[in-house]
Each structure stands twice: as C-alpha cells, then as structure tokens.
Amino acid sequence: MKRWILITLLVIGVVGTGVWGYKEHQDKNAVLIQAENSYQRAFHDLTYHTDLLHDKIGNVLAMNTQKRLSPELAQIWRLTSEAQADVGQLPLTLLPFNKTEEFLHDIGDFSYKTAIRDLNKKPLSDKEVKMLEKLYKQSGTIKDELRKVQHTVLEENLRWMDVQLALATNDSQGDNTIIDGFKTVEKSVAGFGEENNSSNIIGIADENHEFKGLDGEKITEQQAREIAKEIFNIKGDQKLNITKSGKGADVQTYMASYQQGDKNGYADLSEVGGHPLTVMVERPVQEAKISLHEGALKANEYLKSFEFPDHELIQSSQYEKEGVYSFVATQNGVRIYPDAIQMKIALDNGDMLGMSAKDYFMNHQKREIKEPAISEEEARSSVNPEVKIQEQHMAIIENDLAEEVLTYEFLGTLGNNTYRIFINAEDGTEEKVERLKATEIKFSRAV
C-alpha cells in the first residue's frame, strides 16, 4: 500500500513539474514575443519618420512663403525627436550609433532655432538654404539605407532578439544582417561630418558632446575601482565590477557596479580626472528620521567631498522617504544654471541614493560676466505686477536658442503657486518662467 502511495506521489510530482516547466516556457516565450514586437514597431516607426523627415525638408526648400516655413520647420523638429526616440527603443546600446543620433539632433536643433525666430524680419539666408539642401541629400541617404534594411528584415523574416543576443555576446563572427545594415547607416552618416563641420549653423558645442568641466590626469582601472569603493563606502574585498566605455562615446568613462544583498550601486566615472558623472544606489529605504532640510545639509556634504567648487541649493522636494535636491554652481554670487547637479538622499539615515553631475561637467568653465545693462528696478517692471516677488538673484541661463544670457532671477508667488522668472539683464526681455513643484509629501518626524 505504501509503495502505491509513493508511486502516486512521485507521478503527481513529475506531472506537476512538467506543468510548471511548460508554464514557465510559455511565460518566457510571451515576454520574448512582446520584446520582439516592441523592437519591430520601433524600427518600422524609425523608417517611417525618416521618410517623412526627408519629405518635409524637401517641402521647405520648395516653399516661397515665409508664413508657412515656421510650421514646416516645427514639423521637422518634431519628426527628429520622434526618430531619436525610436532609436532609443532599439537594442543598439552596444553598437556605436552616435553619429546618426548626432545627425538627427543637429537637424532638430537647426529647425527648432529657425522656427522660433521671426522669419519675416530675418528670412533664411543663402547659407542656411545651402545647408538645408545638404541635409535633404543626407537624410535621403539615411532613408535609402534604412529602407534596404527594412526590405531585408521583411523579406527574410529576421528577428531583433537575435540582434540583442549578438550585441550582448559580442558575436563579431556571426553574420547579422540588421547589425551590418545599421553599421552601413552609421558609416554613411560619418561621411557627412567633414561636409557639415565647415558650417556653424548646425549644432552648438556647448549643448552636448563636449565636457568642458573635466580636468586632471587620466585614471587607470585600479584607480577607478578605489574611487568607486569610496563613493559606495565599500570595505574589504567585496566584488566590484569595472567596465570601460567603448569607442565613440561622448566621454570616456569607467562604469562601476556592485551588489550586496538587497543593495546595489552603479557609477559612471570620467576617465579624465575620475570625476563622478552619475551615481545610483538602490536599497530599501526605511521610515524617515531626518527632515528635508537635514537631507539638504547631507547632500551639500557629499558635494564638498567630491570637491565641487561654490554651489547653491535652488530647489528641494520630498518624495515619500527620499529627498531630491537641485544645485547650481555660482561665480561671484551669480547662479550658473547650465552647471547643474541633482542629488537624491535617503531620509532614514542621510545616505546618498543618487547624483547626476553630467550637466555640470559638460558646461562648467570660468565665465566672463558683464555688468547688467538695466537696473533691478527696470527688470522688476517686466515681471507681471500680480506676482509677489519674494527673492531676487543674478543668474546665467540658456535661452531657447541655447545661448547663455545674464538675467535677473525673481522668485515670486501668484495665488497658490510659486514661480521662477528670468528677465534678460541686457534688454529686459522675459526669457523664461517656471512654476516650481511643491513638495509632494510633508515630513513628519518618526517617534
């Protein structure tokens, strides 16, 4: 009798294991199918948006009415943004594709800056028309290359999951038609570089791709390991993974990561100087025991430990048990908004959970700050009289044309909202108005 009971239990166990394994297999396949569908949609959207982009640039060249130019240029800017978003959804992280992304950014940048100016007073110059003709030709080349890849994908029923696997395993020996096709696109775009570099219309170096604030000697992998250990407060021989960025990156970095129990961390360190560009720490955060203000003091201590020069806290917000803080650099008492740093602090013990200093290291430099051409009173007259001004500062910001301008910064309230208003210190123009977000959850000290 016992024997039959054991046999029955064994059969039930085997059948149960089989059913569980089959369900696991089905679930895994469902996830893979969903990922494949997402990749396919993003790729076909990219091809479609590139087609439209090429057509829209052609439309601008054919237009003779300034009134219609601005809406058409705005459409070009929108399409480049969507194309960049499509690229971001493809599994191309390990494949150098920065030239194509930079090209899309340059088209969007040019079209946006041209669209927002008064084209009746300042129409397209001959130089800009010639640049548009080049962009039309170049976007046509990208469109044709993407269409070739799309035709092959559809004809041979190729899978994007194979692309992800090939890139993740660094399978350079394998024949992957999609990867080869995108390499051809990237190679074609790289050929545009020299042709476009002669013009200062496309792109502004201050915006990205150039990290002005990095200084110091190049560090080694071992030095990066020691810096990361100090950032994460790692003691002893705990495992810490260090990976160097590949060729083609905007800035060469060492990527450090570790995991210990339910805590893991990640940091990007610049090869030049070993500066922390990005830091992220994930762990369960317990009940808050310090205030948002005390968290700001902790954030300031961390910035000092990383040897950031003069900086000022401009905003803080509390999200459940975490404090998020925004700092900007200062020079001679003037706030430098392009040189921004964000910090995230755990309010249970004051540990750093995150830092983003990319903006700071991309833009930081010593600036020549001129005296304002108008007085504070004149600048105040440009502010909506309904706004009750609480604070005033001098600040350098980037305007809509990505140009740095000296402004009077006014912090004021209107109704229940708080606003930050920037008035151009040269001519009194209202440059920007921002509504500040209120702290989502107020602090209550745990007993």
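Rounding to the nearest 0.5 Å gives a distance of 11.0 Å between CD1 of Ile219 and CD of Glu226. Separation of atoms CE (Met352) and CD1 (Ile345) is listed at 7.0 Å; rounding is to 0.5 Å.
For the pair Thr407 (side chain) and Ala395 (backbone), a donor-acceptor distance under 3.5 Å is present. Within the 3.5 Å criterion, the main-chain N or O of Gln223 finds no donor-acceptor partner in the side chain of Tyr254. For Asn363 (side chain) and Pro338 (main-chain N/O), a donor-acceptor pair under 3.5 Å exists by modelled atom type. With Arg225 contributing its side chain and Leu240 its backbone, the two residues share a donor-acceptor pair below 3.5 Å. At distances below 3.5 Å, not a single donor-acceptor pair connects side-chain atoms of Thr253 with backbone N or O atoms of Met255. Between the side chain of His49 and the backbone N or O of Ser81, no donor-acceptor pair lies under 3.5 Å. Between the side chain of Ser356 and the main chain of Gln342, no donor-acceptor pair closer than 3.5 Å is present. A donor-acceptor contact shorter than 3.5 Å is absent between the side chain of Lys432 and the backbone of Arg420. Judged by distance alone, with hydrogens and angles left aside, the side-chain atoms of Tyr325 form a donor-acceptor pair with the main-chain N or O of Leu292 at under 3.5 Å.
Using a 4.5 Å cut-off on side-chain heavy atoms (C-beta onward), Val433 and Asn384 make no contact. Side-chain contact between Leu269 and Ile231: present, with at least one pair of heavy atoms (C-beta onward) separated by less than 4.5 Å. Between Leu406 and Glu426 there is no side-chain heavy-atom pair separated by less than 4.5 Å. In this structure, Met355 and Tyr302 have side chains that are not in contact, with every pair of non-hydrogen atoms separated by 4.5 Å or more. For the pair Lys304 and Asn300, the minimum side-chain heavy-atom distance is below 4.5 Å. Looking at heavy atoms from C-beta onward, Arg367 lies in side-chain contact with Glu404 at the 4.5 angstrom threshold.
Using the six-membered ring where Trp is involved, Tyr136 and His54 have ring planes that are parallel, under 30° apart on the 30 and 60° scheme. Between Phe327 and His311, the angle of the ring planes goes over 60°, which puts this pair in the perpendicular group of the 30/60° scheme.
Summarising the geometry of Leu303 relative to Met343, their closest heavy-atom pair is CD2-SD, 3.8 Å, with the distance given to 0.1 Å. For the pair Ala256 and Ile242, the tightest heavy-atom approach, listed with the atom from each and the gap, is CB-CD1, 3.6 Å. The two residues Ala83 and Leu46 make their nearest non-hydrogen contact at O-CD1, 3.6 Å. Pairing each heavy atom of Ile389 with each of Glu391, the nearest pair is CG2-O, 3.5 Å. Of all the heavy atoms in Ala329 and Tyr360, the pair that sits closest is CB-CE1, 4.0 Å.
In summary, Arg380 and Glu376 engage in a salt bridge, as defined by a charged side-chain N under 4.0 Å from a carboxylate O. Looking at Arg335 and Glu312, a side-chain N of the basic residue comes within less than 4.0 Å of a carboxylate O on the acidic one, giving a salt bridge.
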Checklist entry - How far apart are the C-alpha atoms of Glu82 and Arg78, what are their side-chain angles, what is the distance that settles it, and do they pass the salt bridge (charged side-chain N to carboxylate O under 4.0 Å, His left out) test? => result CA-CA 6 Å; Glu82 290 179 351; Arg78 179 182 63 81; 2.9 Å; yes
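Counting heavy atoms of neighbouring residues, nucleotides and ligands inside a 6.0 Å radius, atom CD of Glu282 does not exceed 12 of them.
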